[in-house]
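To start, the structure under review is shown below, and the notes come after it.
Residue numbers start at 1 and run along the sequence shown. Note that ligands are numbered from 1 as they come in the structure, with each ligand's atoms numbered from 1 the same way.
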Amino acid sequence: MSFPKAVAVLSCGFFLASGAAAQSLVHPWSNPALAPEVRAGLVLKAMTQDEKLRLVFGYFGSPKTDTNVPPPKEARMGSAGYVPGIPRLGIPAQWITDAGMGVATQRDSADTFRERTALPSGLAVAATFNPDLAKQGGAMIGREARASGFNVLLAGGVNLLREPRNGRNFEYAGEDPLLAGTTVGAAVAGIQSEHVISTVKHWALNAQETGRHVVSSEIDDAQARMSDFLAFQIALEKGAPGSVMCAYNRVKGEHACESDYLLNQVLKRDFAYPGYVMSDWGAVYSTEKAALSGLDQQSAAVFDAKPYFGAPLKAAIKNGLVPKARLDDMARRILRSLFAVGAVDHPVGGESIDSDANHKTAQAVAEEAIVLLKNTNAVLPLVKTAKRIVVIGGHADRGVISGGGSSTVFPAGGNAVPGLGPQGWPGPIVYLPNAPMAAMMARAPMADFQYLDGKDPVAAAKAAAVADIVVVFATQWATEDADVSLTLSEGQDDLIRAVAAANAKTVVVLETGGPVFMPWLDQVAGVLEAWNPGSGGGDAIARVLFGEVDASGRLPATFPQSLEQLPRPKLDGADLPSGTPFAVAYNEGAAVGYKWFDKNALKPLFPFGYGLSYTSFAYSNFSAERITGKLVVHLTVKNTGTRSGKDVPQIYVGAKGFEAPKRLAAFQKMELQPGASTTLSLSIDPRLISVYDSASANWKAVPGSLQLWLGSSAADLKTSVEVPAP
Ligand code: BGC
């Protein structure tokens, strides 16, 4: 483009976005002041049909080992996806990568892994109960995605934790729709603040990995809208993600990526979602049906039996089976999202990564994610004067474990414990090289530290017997494409028992994908749940152990005592030959997690919302009022202890007609200095005091009175008020 032309365009009042491709200035849609819909509409008019077809068809960005299909050469090395751009119209390619913890590399792809910063798992981010922090984390991985040449990040996992054995729970945000939707929405907003499209996924009811391609999720419409769908809906409202990824599973017998109910009716009509629906990798089964049901983009078509949206879609349009207007709608939605997040105005590339700053962000999230589950006789924080500290197990001398599958982020410095787990998909097990032991040693330089790998419980107990304090690290590798056992593997429970029997001052640090059983709980003095704590996990664990920061995470999911307490003690499909279709009846409906436990008067191992602090808090002045139809609660929180700390007051609401005795209605993370207090006013989302009515396709406010509780977990309600019927 020549200089005078650019001047002419600028003098027409077009704004030159920083880094904008010079070429983009020549087009009517280059004006960032126009609404994304308008810009998309203008591009669409200039496009040929083949160009539209190009936008809706995705390539895998890596070589697929079982097909020998090479990725397009323009794709980023080892990436999840690539969709060519339309250079003549200034529309960039879509360079697509996983996922919610950071910039991943496909395991199959290369010998070279992209080394990037890993946030703690999605579940850990939810455990912070701090959407601001979730947003900062999102912005951090969005920046790394940009700098790595990606403008689409497959983040935003928000499937409700209905099944604690789901191997992907670590990618999601727990069992409550308000917490999950708010957390993931904030993370998506952070990612997209860097002009990178984020998904939310996997739409919908993708609650277990067992039989994930064949299982059908069966649930009543209203119950789904008040649970899993609500989590997505809140995430869509808060994060405005450019894309929604439809899931592998079926819903009511239909594949999620060709479900008119899920895509056209709920998502696009009822939620008025303006972005595009991309398929999961290998989740498309048809051309016409998928297109007519609302799928807008076939991702990495090589994963499907056929390239359904390539030539077959062209033919279907020619034959009148799919209207041209539908192709326009698909392309318009994709273009709109590219404009809405600024991916057109701010082309990727050129930035550098500030690894130190990003590590600090990951660590800050981990510090607020760690949940103190037990602390007898104030065994924690560890005293810096302890002389002999024995650290056992969990490769705590080398690093912290992360979750497996497509979301795996490979760290700078390489895998701290190579060779573990499957070396092909969905492995390997990756340990991020931020060793808790080293971080602990840095905090107690005068102490004598000893590390044992824990393989020999007798030796571990012997060392423990002569220690001032023992910290046992226990890990669980949770991964995509497999479900998990809630029992710790490889004799770790026996190890903990043996060590605890030898030393009463035994603290257990769990690094797990989600809830686990703790048969040794009564025998140990302290327990921390550190999840998959990410690139700064070792430092974060040490800081919480030594009390440099308060323990302020809260459980985003109920920890059950036994499988018998779950709605489905037996995991459906587990004993079927692979590939055999089956259905899971989600008869608990919207009564997920603590709601199920409440409804059935079950006592969990640890309840939702639970987490101890190193200080203490008191609540007062709890009241609630309806202000112009909105329900608002007021409360005062005081730090009654002797050190600063962070609390999460939680408001629960109950009413006749709810799926369970109570729902989480509001929460707030806050920091208070000793003796300080603060007064909060929180307004309640009207849907949380309503019931969905499928017949009228509407939320209906409950007509009667409401009971509101203020508590510090779903099982620890301190005070309550009743709000009369409106
Ligand atoms: C996963 C998605 C992921 C995609 C691309 C699939 O196996 O279910 O979550 O984004 O692969 O790697």
Identify, by atom number and element, the atoms of ligand 1 in contact range of [X], meaning under 4.0 Å from any of its heavy atoms.
{"X": "L154", "result": "5 (C), 10 (O)"}
{"X": "H202", "result": "2 (C), 8 (O), 9 (O)"}
{"X": "K201", "result": "2 (C), 3 (C), 9 (O), 10 (O)"}
{"X": "Q106", "result": "12 (O)"}

Between [X] and [Y]: side-chain donor-acceptor atoms closer than 3.5 Å:
{"X": "S216", "Y": "E218", "value": "yes"}
{"X": "D228", "Y": "Y586", "value": "no"}
{"X": "D304", "Y": "Q298", "value": "yes"}

### Message
Test of understanding: given a 4.0 Å heavy-atom threshold, classify the contact between R168 and ligand 1 as side chain, backbone, both, or neither.
### Response
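Side chain only.
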#### Entry: Near-ring test W281/Y248, centroid separation under 6.0 angstrom
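Here the rings of W281 and Y248 have centres that are no less than 6.0 Å from each other.
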Regarding ligand 1, does [X] bring an N or O atom to under 3.5 Å of one of the ligand's N or O atoms?
{"X": "E171", "answer": "no"}
{"X": "W281", "answer": "no"}
{"X": "W425", "answer": "no"}

Does [X] come within less than 4.0 Å of [Y], counting only side-chain N to carboxylate O?
{"X": "D481", "Y": "R168", "value": "no"}
{"X": "D132", "Y": "K135", "value": "no"}
{"X": "R212", "Y": "D280", "value": "no"}

### Task
Apply the side-chain contact (heavy atoms from CB on, under 4.5 Å) test between F170 and each candidate in P120, S402, S121; give the one that qualifies.
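Of P120, S402, S121, side-chain contact (heavy atoms from CB on, under 4.5 Å) with F170 is met by S121 alone.
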Which residue supplies the protein heavy atom nearest to [atom], what is that atom called, and how far is it?
{"atom": "atom 4 (C) of ligand 1", "answer": "D280 OD1, 3.5 Å"}
{"atom": "atom 10 (O) of ligand 1", "answer": "D98 OD1, 2.6 Å"}
{"atom": "atom 7 (O) of ligand 1", "answer": "E480 OE2, 2.6 Å"}

